[in-house]
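Order of the sequence lines fixes the chain letters, A, B, ..., with proteins taken first and strands second; residue numbering starts at 1 for each chain.
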Protein chains: 2
Amino acid sequence: MKYNILEKCNLLGLKMTEQRKIIIQVIVDSSDHPDVELVFKRASKVDNRISIATVYRTIRLFQEHGIIDKHEFGGSRSRYEKASDIHHDHLIDIKSGKVLEFKNDKIEALQKEIASKLGYELVEHRLELYAVPKGCASIGKDK
Amino acid sequence: MKYNILEKCNLLGLKMTEQRKIIIQVIVDSSDHPDVELVFKRASKVDNRISIATVYRTIRLFQEHGIIDKHEFGGSRSRYEKASDIHHDHLIDIKSGKVLEFKNDKIEALQKEIASKLGYELVEHRLELYAVPKGCASIGKDK
DNA sequence: TTAAATGCAAATCGTTTGCGGGCCC
DNA sequence: GGGCCCGCAAACGATTTGCATTTAA
């Protein structure tokens, strides 16, 4: 019931090219939710015959097959991470850009409840907390 | 302590042009979180001497001054609404695209608590529920 | 062998911007 | 009158796509 990415690709009948292997490896090894540019850079370091178009295509493909998850945090580019069986949300450190993951069942339950009260059935949700490390709260709070 | 948009613009020293008046009116009259294109269409109906560049500029300006709020729901375009004093989150009906607003203090409190536990101070958050009307749950659930 | 995947460059889409002319305060 | 604002069209950045070539199966 649990497959790794290579197995999932097989099941889906996707050809396993050198490029795809590298992109998969980069995604699996990255815990910082990289954007396409960054995945491209990291992949290029392994094998520079890879093109950014392929990275875009591959990431999109994987995303459409639920192999990786797409996020739109602060910036203009989308960011990605390996899909995980355990759902989680994100806290974005707006000082450093670092992204922490968390999970809270109470919030999940409340969301369902809210949707239900409004006459809806929850399909998915997006919860992002934008925060600053305790202490450096209002110091240099420019913008 | 409570000002309407015209007053806010005055306070900020913004010139009140015909275009801006119209754009403000369109935003105030819209409860469907329109994107720039739609604001432009509605504004043009009132006065077709308006250009989409002005709509982009004005909306951006207002947003930067906290006069309107920007959202990035499903699609590719950003959507906007008049800023309100009462914070609320959104439920997006993925069948119809309709957007409902809701407010839940328990969730707000939990978010602060989560951030705090992680060593952070919550600055802002984004919570969106994507849902389908009860009943038509899995019928025609074609992605 | 052959359908699918790649690289390249051009196209697309939403949004921003430089410029010369126009308009609010 | 002067500076902010406008319309226009060109520029932009992220992403997608058409096409000829390569490659996995």
Side-chain angles (χ1 to χ4, degrees), chain A residues 5-27 33-41 43-65 67-80, chain B residues 5-27 33-65 67-80 97:
Chain A
I5 297 188
L6 272 332
E7 290 167 340
K8 281 189 194 163
C9 289
N10 261 328
L11 291 175
L12 292 164
L14 302 177
K15 284 189 184 172
M16 191 41 56
T17 63
E18 200 50 40
Q19 290 86 332
R20 287 185 179 173
K21 273 183 217 157
I22 294 170
I23 291 168
I24 290 170
Q25 200 51 51
V26 168
I27 302 260
H33 306 75
D35 58 31
V36 168
E37 196 82 19
L38 195 45
V39 172
F40 173 60
K41 275 200 195 112
S44 298
K45 218 168 283 177
V46 180
D47 183 337
N48 72 325
R49 294 170 313 176
I50 203 165
S51 88
I52 195 154
T54 295
V55 179
Y56 270 109
R57 269 191 285 237
T58 305
I59 283 187
R60 177 181 240 258
L61 180 76
F62 287 174
Q63 197 230 130
E64 287 170 349
H65 285 103
I67 292 173
I68 67 181
D69 288 336
K70 175 183 186 171
H71 301 293
E72 288 165 326
F73 300 146
S76 47
R77 307 143 124 87
S78 293
R79 298 171 61 174
Y80 304 86
Chain B
I5 298 189
L6 271 334
E7 290 167 339
K8 282 188 195 167
C9 290
N10 261 329
L11 291 176
L12 292 164
L14 302 177
K15 284 188 183 171
M16 192 40 57
T17 63
E18 199 50 41
Q19 290 87 331
R20 288 184 178 175
K21 272 185 217 155
I22 294 169
I23 292 169
I24 289 169
Q25 200 51 52
V26 168
I27 301 261
H33 307 75
D35 57 32
V36 167
E37 195 83 19
L38 194 45
V39 172
F40 173 61
K41 275 199 194 112
R42 288 175 184 166
S44 298
K45 218 169 281 175
V46 181
D47 184 336
N48 72 325
R49 295 169 313 175
I50 204 163
S51 89
I52 194 154
T54 295
V55 179
Y56 270 109
R57 268 191 284 238
T58 305
I59 284 188
R60 177 180 240 259
L61 181 76
F62 286 176
Q63 198 231 128
E64 288 171 347
H65 284 103
I67 292 172
I68 67 180
D69 287 336
K70 174 182 186 172
H71 301 293
E72 288 166 326
F73 300 146
S76 46
R77 306 144 126 86
S78 292
R79 298 171 61 174
Y80 303 86

Do [X] and [Y] have side chains that approach each other closer than 4.5 Å (heavy atoms only, starting at C-beta)?
X	Y	answer
B/Val36	B/Tyr80	yes
A/Pro34	A/Val26	no
B/Ile67	B/Ile27	no

Interatomic distance where CZ belongs to A/Phe40 and C1' belongs to D/dA14 [whole Å] =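 These atoms are roughly 14 Å apart.
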
request  = Return the value, rounded to whole Å, for the distance between atom CZ of A/Arg77 and atom P of D/dT16.
outcome  =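 After rounding, the gap between these two atoms is 14 Å.
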
query = Who pairs with A/Arg79 by salt bridge (charged side-chain N to carboxylate O under 4.0 Å, His left out), at least two apart in sequence or on another chain?
reply =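 Result, salt bridge (charged side-chain N to carboxylate O under 4.0 Å, His left out) vs A/Arg79: none returned.
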
request  = Only counting residues at least two apart or in another chain, list the ones meeting salt bridge (charged side-chain N to carboxylate O under 4.0 Å, His left out) with A/Lys45.
outcome  =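 So A/Lys45 forms no salt bridge (charged side-chain N to carboxylate O under 4.0 Å, His left out) with any residue.
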
ask   = How far does the helix from C/dT1-D/dA25 to C/dC25-D/dG1 bend, going by the axes of its first and last five pairs, to the nearest 10°?
value =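 End axes: 30° apart.
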
Show me the donor-acceptor pairs within less than 3.5 Å that the side chains of residues 49-59 of chain B make with the rest of the protein, sequence neighbours left out.
{"residue": "B/Arg49", "atom": "NE", "partner": "B/Asp47", "partner atom": "OD1", "Å": "3.1"}
{"residue": "B/Arg49", "atom": "NE", "partner": "B/Asp47", "partner atom": "OD2", "Å": "3.2"}
{"residue": "B/Arg49", "atom": "NH2", "partner": "B/Asp47", "partner atom": "OD2", "Å": "2.7"}
{"residue": "B/Ser51", "atom": "OG", "partner": "B/Ala53", "partner atom": "N", "Å": "3.3"}
{"residue": "B/Ser51", "atom": "OG", "partner": "B/Thr54", "partner atom": "N", "Å": "3.3"}
{"residue": "B/Ser51", "atom": "OG", "partner": "B/Thr54", "partner atom": "OG1", "Å": "3.4"}
{"residue": "B/Thr58", "atom": "OG1", "partner": "B/Thr54", "partner atom": "O", "Å": "2.7"}

query = Residues two or more places apart in sequence or in another chain: which of them pass side chain to side chain donor-acceptor pair (under 3.5 Å) with B/His71?
reply =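 By the side chain to side chain donor-acceptor pair (under 3.5 Å) rule, B/His71 matches B/Glu81.
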
Find every protein N or O atom lying less than 3.5 Å from an N or O atom of nucleotides 22-24 of chain D, and list the pairs.
{"residue": "D/dA24", "atom": "N3", "partner": "A/Lys15", "partner atom": "NZ", "Å": "3.4"}

request  = Using the side-chain hydrogen bond (donor to acceptor under 3.5 Å, both in side chains) rule, collect all pairs that involve residues 34-44 of chain B, keeping only residues at least two apart or in two chains.
outcome  =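 Of all non-adjacent pairs touching residues 34-44 of chain B, those that pass side-chain hydrogen bond (donor to acceptor under 3.5 Å, both in side chains) are B/Ser30-B/Arg42, B/Asp32-B/Arg42, B/Asp35-B/Arg77, B/Glu37-B/Arg77.
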
How long is the straight-line distance from [atom2] of [Y] back to [atom1] of [X], given to the nearest 0.5 Å?
X	Y	atom1	atom2	value
A/Asn48	A/Phe40	CG	CZ	9.0 Å
A/His65	A/Ile5	NE2	CD1	13.5 Å
A/Asn10	A/Lys8	CG	NZ	13.0 Å

Show me the side-chain donor-acceptor pairs of residues 13-23 of chain B shorter than 3.5 Å, one per line, residues at least two apart or across chains.
{"residue": "B/Thr17", "atom": "OG1", "partner": "B/Arg20", "partner atom": "N", "Å": "3.2"}
{"residue": "B/Arg20", "atom": "NH1", "partner": "B/Lys15", "partner atom": "O", "Å": "3.0"}

inquiry  = Near DNA chain C, counting only heavy atoms under 4.0 Å, which residues of residues 52-59 of chain B show up?
reply    =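 When residues 52-59 of chain B is checked for heavy atoms under 4.0 Å from DNA chain C, the hits, listed by number, are B/Ala53, B/Tyr56, B/Arg57.
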
message = Measuring from the side chain of B/Arg20 (C-beta onward, heavy atoms only), which nucleotide among D/dC6, D/dA14, D/dT15 has the closest atom?
response =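 Out of D/dC6, D/dA14, D/dT15, the nucleotide with an atom closest to B/Arg20's side chain is D/dC6.
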
ask   = How would you give the extent of chain B contacts on DNA chain C, as first and last nucleotide 5' to 3' within a 4.0 Å heavy-atom cut-off?
value =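 First-to-last contact on DNA chain C, by the 4.0 Å heavy-atom rule, is C/dG14 to C/dC25.
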
